[in-house]
A.B. asks: 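Dropping a structure here in structure tokens format, bear with me for questions.
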Amino acid sequence: LYTLNTPTLSFQIIDISKPDSPELISTLPLTITGLTSINVQGDYAYINSSGAGLGIVNISNPASPSLQSVANFSGGCGSSGCNNDTEIQGKYIYTGGSLQAGHFAIAEISNPRTLREVFHASFIGASPTKLALQGKYAYLSNSSALLIYDITNSAGPISRYSSISSAFGNMAVQGRSGYSQVSSGFRVADVSNPSAPVTVGINASLTTATSRLLVHGRFVYEVVSGFLHVIDISDPTNPTVVNSLPITGSGSLPVIQGRY
């Protein structure tokens, strides 16, 4: 599991091969400020920030990760602090955040050091803190808003759903289900129809809203209030907390690859 420790400005790798006893493998101090999210593809982790662009870390050796470079989006995104969350799919990186108003941008990363923006949209009333990709759809959300785009054409996405007062904020997606952590609880939604998501399950014991959640197999890993919660979602109608690991600091969106 790959995560960011925002108070100490560091990148951490945790061995989760034994879910009941995770082990910290390495910590990489960073000079990047405003850490917001992280993505992993192959031997690289892409660290997003609200103030210093996109950090690219070589993770080929989990015991000794190294910062390779810091890249910026063209068109004003990256260096000016407008990005809250990013996702990578194929040769594109997708980002959502705030730049005067909410925004959604797509850039090509064939050469990670030279990002080429191919799409940018702004909207009023919803500044996304969470971005999820599933198949041909992008889900942008915060604690009370959800926007869904069809990204079949990366240069011309089409809006399919928009609500700035939604119960589906902070959404992570896997298959036909969306998982949200808002103040009213942890929610499971059926998103098989992107134009009309529907709630199918709620765990009301988790009441702190967060965008730091990740779906992996039959579990959701959620970082909030000094804990890494592990939630069993094998029954979508009854999501259940199976473990809560204390962590230092507020943490960030976790990322999993292999047993880490």
Side-chain angles (χ1 to χ4, degrees), residues 1-72 78-79 81 83-89 93-95 109 111-113 115 129-133 172 174 181 210-231 241-260:
L1 183 147
Y2 304 87
T3 188
L4 302 172
N5 189 313
T6 50
T8 62
L9 292 180
S10 61
F11 168 74
Q12 297 179 320
I13 300 179
I14 301 171
D15 185 341
I16 58 168
S17 56
K18 298 179 180 179
D20 59 343
S21 56
E23 179 185 0
L24 179 64
I25 299 300
S26 61
T27 298
L28 173 68
L30 299 170
T31 57
I32 303 170
T33 60
L35 304 177
T36 57
S37 64
I38 181 173
N39 303 93
V40 173
Q41 181 166 279
D43 288 336
Y44 292 92
Y46 297 82
I47 299 173
N48 196 40
S49 75
S50 62
L54 189 72
I56 302 173
V57 176
N58 188 320
I59 55 172
S60 56
N61 179 2
S64 183
S66 60
L67 181 65
Q68 300 295 292
S69 64
V70 178
N72 291 316
S79 61
N83 304 304
N84 291 327
D85 197 11
T86 58
E87 289 288 344
I88 296 173
Q89 185 168 276
I93 187 166
Y94 301 77
T95 180
I109 57 168
N111 180 353
R113 290 178 173 81
L115 303 185
T129 55
K130 176 73 176 172
L131 169 65
L133 301 181
Q174 179 174 272
Q181 179 59 65
T210 181
S211 60
R212 304 181 179 102
L213 64 164
L214 171 75
V215 189
H216 185 68
R218 65 186 184 95
F219 297 100
V220 168
Y221 295 83
E222 171 184 293
V223 178
V224 60
S225 301
F227 286 91
L228 171 64
H229 298 302
V230 183
I231 305 167
V241 178
V242 295
N243 194 13
S244 294
L245 171 71
I247 59 174
T248 302
S250 58
S252 72
L253 174 69
V255 176
I256 293 174
Q257 180 169 282
R259 66 175 187 170
Y260 295 101

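What you see is a predicted model, and the numbers here were worked out from it, not measured in a lab.
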A.B. asks: Give me the atom names and distance for the closest heavy-atom approach of I14 to P22.
C.D. replies: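 In this case the closest contact between I14 and P22 is CG2-CB, 3.8 Å.
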
A.B. asks: Nearest 0.5 Å, what's the CG-CG distance between L30 and L35?
C.D. replies: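 With rounding to 0.5 Å, CG (L30) is 6.0 Å from CG (L35).
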
A.B. asks: Any donor-acceptor pair under 3.5 Å linking the side chain of N58 with the backbone of Q68?
C.D. replies: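 Checked: no pair found.
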
A.B. asks: Look up atom CD1 in I25 and atom CD1 in I16, then write down how far apart they are to the nearest 0.5 Å.
C.D. replies: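 Spacing of CD1 (I25) from CD1 (I16) equals 11.0 Å.
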
A.B. asks: What is the ring orientation for Y2 with F11, classed by angle as parallel under 30°, tilted 30 to 60°, or perpendicular over 60°?
C.D. replies: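 The rings of Y2 and F11 lie parallel, inter-plane angle below 30°.
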
A.B. asks: Which heavy atom of N39 sits nearest to which heavy atom of T86, and what is that distance?
C.D. replies: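 Nearest pair, atom of N39 first, then T86: OD1-OG1, 2.6 Å.
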
A.B. asks: Is there a donor-acceptor pair closer than 3.5 Å between any side-chain N or O of S26 and the backbone N or O of P62?
C.D. replies: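 Yes; at least one donor-acceptor contact below 3.5 Å.
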
A.B. asks: Would the distance check show the side chain of Q174 and the main-chain N or O of G217 forming a donor-acceptor pair, the cut-off being under 3.5 Å?
C.D. replies: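 Yes.
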
A.B. asks: Can you confirm whether F227 sits close enough to L245 that some side-chain heavy atom of one is under 4.5 Å from a side-chain heavy atom of the other?
C.D. replies: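 Contact flag for F227/L245 side chains = no.
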
A.B. asks: Which value, rounded to the nearest 0.5 Å, describes the distance between S10 atom OG and L4 atom CG?
C.D. replies: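 If we round to the nearest 0.5 Å, S10:OG and L4:CG are 8.0 Å apart.
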
A.B. asks: G42 and I59: which non-hydrogen atoms are nearest, and at how many Å?
C.D. replies: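 Nearest pair, atom of G42 first, then I59: O-CD1, 4.1 Å.
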
A.B. asks: Measure across I38 and A45 and return the closest heavy-atom pair with its distance rounded to 0.1 Å.
C.D. replies: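 Smallest interatomic distance, heavy atoms only, reads CD1-CB, 4.1 Å.
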
A.B. asks: Would you name the heavy atoms of Y94 and L133 that are closest together and state the gap between them?
C.D. replies: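 In terms of heavy atoms, the two residues are closest at CD1-CD1, 3.4 Å.
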
A.B. asks: Could you walk me through whether Q181 and V224 pass the side chain to side chain contact (heavy atoms under 4.5 Å, CB included) test, one step at a time?
C.D. replies: CA-CA 10 Å; Q181 179 59 65; V224 60; 5.9 Å; no

A.B. asks: Aromatic rings Y44 and Y46: how do their planes relate, parallel, tilted or perpendicular, breaks at 30° and 60°?
C.D. replies: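 It falls in the tilted class, 30° to 60°.
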
A.B. asks: Run T8 and N5 through side-chain hydrogen bond (donor to acceptor under 3.5 Å, both in side chains) and show every step you take.
C.D. replies: CA-CA 6 Å; T8 62; N5 189 313; 3.1 Å; yes

A.B. asks: To the nearest 0.5 Å, what is the distance between CD1 (I88) and CD1 (I93)?
C.D. replies: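 That separation rounds to 4.5 Å.
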
A.B. asks: How close do A172 and A132 get, counting heavy atoms only, and between which atoms?
C.D. replies: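 That closest heavy-atom pairing would be CA-CB, 4.2 Å.
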
A.B. asks: Between atom CD1 of I231 and atom CG of N243, what is the distance when rounded to the nearest 0.5 Å?
C.D. replies: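 One gets 11.0 Å once the value is rounded to the nearest 0.5 Å.
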
A.B. asks: To the nearest 0.5 angstrom, please state how far the CD1 atom of I56 sits from the CG atom of D43.
C.D. replies: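 With rounding to 0.5 Å, CD1 (I56) is 13.0 Å from CG (D43).
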
